[in-house]
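All heavy atoms count here, side chains included; hydrogens, waters and symmetry mates do not.
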Amino acid sequence: MMPLVSVQQSHIRQQILKEREYGLTVSLDESRDPISETELVNVIIVTANACNFVDTFFVPDEKADTDKYGDSFGKAFVQWWDTFFIPHEAPDAPPLRNDVSAIVTDNVNYNIGAFKRHWKPRFVNAQHIRCLAHILNLVGMVFREHKCLHLLREFMSKTRSVLKGKKNIRRRRRLRKFLISEKEKNGEGITTIPPDWADTLWSGWYESVVWFSCGLGGFQKWLLEEMKTADCLATLIDLGTWLNVNISTVRLQI
């Protein structure tokens, strides 16, 4: 018996193949797997009659090296497409990829490179549409980058260096455990870790500020405990020292 997910994907694939003549739009929604800390992409394909969440694929490289990540992203999508569709296409029919009229992605430079180098040569009729939500995020940057918020940006940058990446997985787990413990003890509080302050995510920096507007006190309390651990990093000490000096102004800006 086929797994339920495979049955659903098979049904969606057949519907897409039937409706191909009206053109297809592919939307690639980037996210991050919270367990493996691996970049992942949700594939959404829009036909004339439906918007279908089709599948998810992983990108092996991290975004720290954007050029390398763009190539990995570009190749990963092509590989996913070839595996998901080509074995099921009629041998005497034109390639399904020729019916893709648009590929929608975040408005970041590595996606522009991925489209030019890897997608346009194969999806010859496709146009690259950079997401409007991301463009609105750029408008928000005008406010975020204002000189009066420089301390907030500095705080978020230091916090990101303490929590971001695979090397800090254990630290994030300790923070989550601490927050859960504090809520059980006090009956209130946040039990999730702060969202990543990421300039390239649609609303990552905004959601991060919203989190700290409620959770700054608990975070500072955890930070003091974390500075006592054996794997305390210089970045952790730097953040703790900086926050002690600037806490009042940061709290006001948040």
Side-chain angles (χ1 to χ4, degrees), residues 29-42 56 62-64 106 131 133-134 136-146 148-254:
D29 174 47
E30 297 175 67
S31 187
R32 190 172 180 85
D33 181 55
I35 298 176
S36 65
E37 295 291 322
T38 305
E39 306 294 339
L40 61 83
V41 181
N42 300 309
T56 296
E62 291 198 18
K63 293 182 179 178
D106 282 350
C131 184
H134 209 80
L136 292 176
N137 184 47
L138 296 178
V139 176
M141 285 175 58
V142 175
F143 298 94
R144 189 193 68 207
E145 298 298 325
H146 194 276
C148 71
L149 294 179
H150 73 281
L151 280 178
L152 175 61
R153 293 195 301 274
E154 189 174 352
F155 167 66
M156 292 299 181
S157 176
K158 290 178 180 294
T159 300
R160 194 170 195 248
S161 68
V162 166
L163 297 177
K164 174 74 172 175
K166 292 182 179 180
K167 64 181 181 180
N168 290 317
I169 289 178
R170 292 182 180 178
R171 176 162 290 118
R172 290 194 296 275
R173 288 174 180 167
R174 289 197 293 268
L175 173 56
R176 187 179 293 111
K177 184 177 180 180
F178 177 86
L179 294 171
I180 292 172
S181 174
E182 285 293 296
K183 184 170 183 179
E184 291 174 349
K185 188 188 306 181
N186 303 320
E188 59 181 14
I190 300 174
T191 57
T192 59
I193 63 174
D196 181 30
W197 170 283
D199 296 347
T200 55
L201 293 181
W202 292 349
S203 57
W205 57 270
Y206 173 78
E207 291 171 354
S208 186
V209 172
V210 170
W211 189 96
F212 277 104
S213 69
C214 301
L216 180 59
F219 179 81
Q220 187 181 24
K221 191 174 180 180
W222 165 81
L223 188 62
L224 293 174
E225 293 297 317
E226 188 69 10
M227 290 170 65
K228 301 174 185 177
T229 59
D231 63 340
C232 178
L233 301 173
T235 52
L236 199 67
I237 298 173
D238 178 55
L239 173 59
T241 304
W242 185 92
L243 196 56
N244 284 336
V245 174
N246 298 287
I247 183 64
S248 298
T249 305
V250 169
R251 191 182 298 278
L252 179 63
Q253 291 192 356
I254 291 176

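In this structure T235 satisfies the side-chain contact (heavy atoms from CB on, under 4.5 Å) test together with S161, V162, L233, sequence neighbours excluded. When the side chain to side chain donor-acceptor pair (under 3.5 Å) test is applied to K177, no partner is found at least two apart in sequence or on another chain. Evaluation of the side-chain contact (heavy atoms from CB on, under 4.5 Å) rule for N42 yields D29, S31, L40, F53, T56 as partners, not counting sequence neighbours. Listed by chain and number, the residues in a salt bridge (Lys or Arg N to Asp or Glu O under 4.0 Å) with E154 amount to none (sequence neighbours excluded). Looking at residues two or more places apart in sequence or on another chain, you find no side chain to side chain donor-acceptor pair (under 3.5 Å) involving S181. Listed by chain and number, the residues in a side chain to side chain donor-acceptor pair (under 3.5 Å) with K183 amount to none (sequence neighbours excluded).
With contacts defined as side-chain heavy-atom distances shorter than 4.5 Å, the pair W222/I193 does not qualify.
Under the 30°/60° scheme for interplanar angles, the aromatic rings of F212 and F155 are found to stand perpendicular.
No donor-acceptor distance shorter than 3.5 angstrom exists from the side chain of T191 to the backbone of L179, with no hydrogens or angles considered. Using modelled atom types, no side-chain atom of R172 and backbone atom of K166 make a donor-acceptor pair closer than 3.5 Å. The main-chain N or O of A234 is never found under 3.5 Å from a side-chain atom of D238 such that the two would form a donor-acceptor pair. R171 contributes no side-chain N or O that, together with a main-chain N or O of L163, makes up a donor-acceptor pair within less than 3.5 Å. Put simply, the side chain of W211 never gets that close to the backbone of I190: no donor and acceptor are under 3.5 Å apart.
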